[in-house]
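Below: one structure, written as structure tokens.
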Amino acid sequence: MQNLKIELTKNPKQKPADESKLGFGRIFTDHMFLIDYTGEKGWHDARIVPYAPLEMDPASVCLHYGQSIFEGLKAYRGVDGKIRLFRPEKNFERMNISCERMCLPTVEPDFALHCLKKLIEIDQDWIPHSDGTSLYIRPFVFGVDKQVGVHPSDHVIFMIILSPVGAYYASGLNPVKIYVEENYVRAVRGGTGFVKAAANYAISLKAQQEAGEKGYSQVLWLDAIEHKYVEEVGAMNVFFVFDDEIVTPELQGSILSGITRMSTIELLRQKGHKVVERRLSIDEICEAHKNGRLKEAFGSGTAAVISPMGELNYKGEKITLNGGEIGEITQYIYDELTGIQWGKIEDKNNWTESAIEN
Ligand SMILES: *Cc1c(COP(=O)(O)O)cnc(C)c1O
């Protein structure tokens, strides 16, 4: 394993005093991790240094052509005081799939995890203590060649920054209103929807903004070709609970393989539920609602864990889910996942591990 150089800050920042005001991703810790890559030297110069702005050439490839990917995971301060990560190896495996798709060099997952744990160890006092709070971890990789010609960058940087974040649901798990998007699309098979490419999020802003103006908090994305099959909700995977089965769209190339999604599927199956990964059309959802078969729907992702849907608006027609209340299965999976993450219940699948190496 390569050497990891550590330079500690001489000017530690003031930690946020009021944990109820943390919000999401606005405050960063005292240190950051960086490593450079060039075709000639490979990955080199791994270092943890004081958190600071980057100096970047204006011609850097990532700024012009979006050769940039990211990951998102969390460290949780458990009820027993232990700091845990949830399936972090999955994030670094997925980061490499993203790198591969965007012509960025891959990173050895064990090395990335080792560097992350060192960074968390150094900044562990930044992990908030209040119920529902955590430390959001943002690894990202981007090309910095100074050349305004479209090409895969030779010089690449991999970084990790950390942000203490508040409880996602300040006032309990509130069902949200969802606008079914018919015009804009997020991703198409053959594109980059299955990876966390930075550009995927830039292109989704407009639909999100317009839905917001209509009073909806997220959009439900349909497939890019027929505008018919459900794909994701906002930047989350999506589940629909019917009478006799729980359905989530199959990973067919334009959907991101969420770690919360795969964990949700596994936990629901372990509980004896029938969970099916298949194509699911918006018409089938409307039909199931009409004949009373549609019970619940929710989104899944690291940031919110589980986000219940209270209403769907499709072509002006409003579908209320479970009377606008959180459903039984939605609540179960939320309690189960957060229980494992904060060490409140037994982690039967061995999904968590210490965030600090001993
Ligand atoms: C990150 C992400 C998810 C959720 O993935 P998790 O690993 O569960 O956090 C779902 N959809 C999109 C588009 C994403 O970017």
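Values in this document were obtained by computation on a predicted structure and should not be read as measured data. Counting starts at 1 for both ligands and their atoms, following the listed order.
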- Do the charged groups of Arg94 and Glu71 touch, with an N to O distance under 4.0 Å? yes

- Message: I need the nearest protein heavy-atom contact for atom 15 (O) of ligand 1: residue, atom name and distance, please.
- Response: Tyr201 OH, 2.3 Å

- Item | Check: Arg101 side chain, Gly191 main-chain N or O, donor-acceptor pair, under 3.5 Å | yes

- Considering distance alone, does some N or O of Ser300 sit under 3.5 Å from an N or O of ligand 1? no

- Query: Any idea which protein heavy atom is nearest atom 11 (N) of ligand 1, and the distance to it?
  - Reply: Glu232 OE1, 2.5 Å

- Task: Could you tell me which non-hydrogen atom of Ser254 sits nearest to which non-hydrogen atom of Ala187, and how far apart they are?
- Result: O-CB, 3.6 Å

- Got a donor-acceptor contact below 3.5 angstrom from the Ser60 side chain to the Asp57 backbone? yes

- Query: Nearest to atom 3 (C) of ligand 1, what protein heavy atom do you find, and at what distance?
  - Reply: Ala235 O, 3.4 Å

- Task: Provide, to 0.1 Å, the distance between atom 8 (O) of ligand 1 and the closest protein heavy atom, together with that atom's residue and name.
- Result: Thr260 OG1, 2.6 Å

- Query: Is Thr302 in polar range of ligand 1, meaning some N or O pair under 3.5 Å apart?
  - Reply: yes

- Side chain, backbone, both or neither: which part of Arg186 has a heavy atom under 4.0 Å from ligand 1? side chain

- Message: Does ligand 1 come near enough to Arg261 that some N or O of the ligand is less than 3.5 Å from an N or O of the residue?
- Response: no

- Give the numbers and elements of all ligand 1 atoms closer than 4.0 Å to a heavy atom of Arg94. 5 (O), 6 (P), 7 (O)

- Considering distance alone, does some N or O of Ser257 sit under 3.5 Å from an N or O of ligand 1? no

- May I ask you to identify, for Ile259, whether its side chain, its backbone, both or neither come under 4.0 Å of ligand 1 on a heavy-atom basis? both

- Query: Got Val247 and Phe242 here, is their nearest side-chain heavy-atom distance under 4.5 Å?
  - Reply: yes

- Measure centre to centre between the rings of Tyr136 and Phe24, then say whether the value is under 6.0 Å. yes

- Checking side chain to side chain donor-acceptor pair (under 3.5 Å) for the pair Arg84/Tyr76: CA distance, chi angles, key distance, verdict? CA-CA 5 Å; Arg84 289 177 177 79; Tyr76 308 85; over 6 Å; no

- With a 4.0 Å cut-off on heavy atoms, does Gly72 reach ligand 1? no

- Task: For this output row, return yes or no: ring centroids of Phe140 and Phe70 closer than 6.0 angstrom.
- Result: no

- Message: Surrounding CZ of Arg189 (heavy atoms of other residues, nucleotides or ligands, distance under 6.0 Å), is the total greater than 12?
- Response: no

- Counting both backbone and side chain atoms, is some N or O of Phe70 under 3.5 Å from an N or O of ligand 1? no

- Should Ile345 and Ile340 count as side-chain neighbours, where that means a heavy-atom distance under 4.5 Å? yes

- Task: Show which atoms of ligand 1 fall inside a sub-4.0 Å distance from at least one heavy-atom site of Gly258.
- Result: 5 (O), 6 (P), 7 (O), 8 (O)

- Query: Judged by non-hydrogen atoms, does Lys90 sit under 4.0 Å from ligand 1?
  - Reply: no

- Message: Give me the residue, atom name and distance of the protein heavy atom closest to atom 14 (C) of ligand 1.
- Response: Lys196 NZ, 3.0 Å

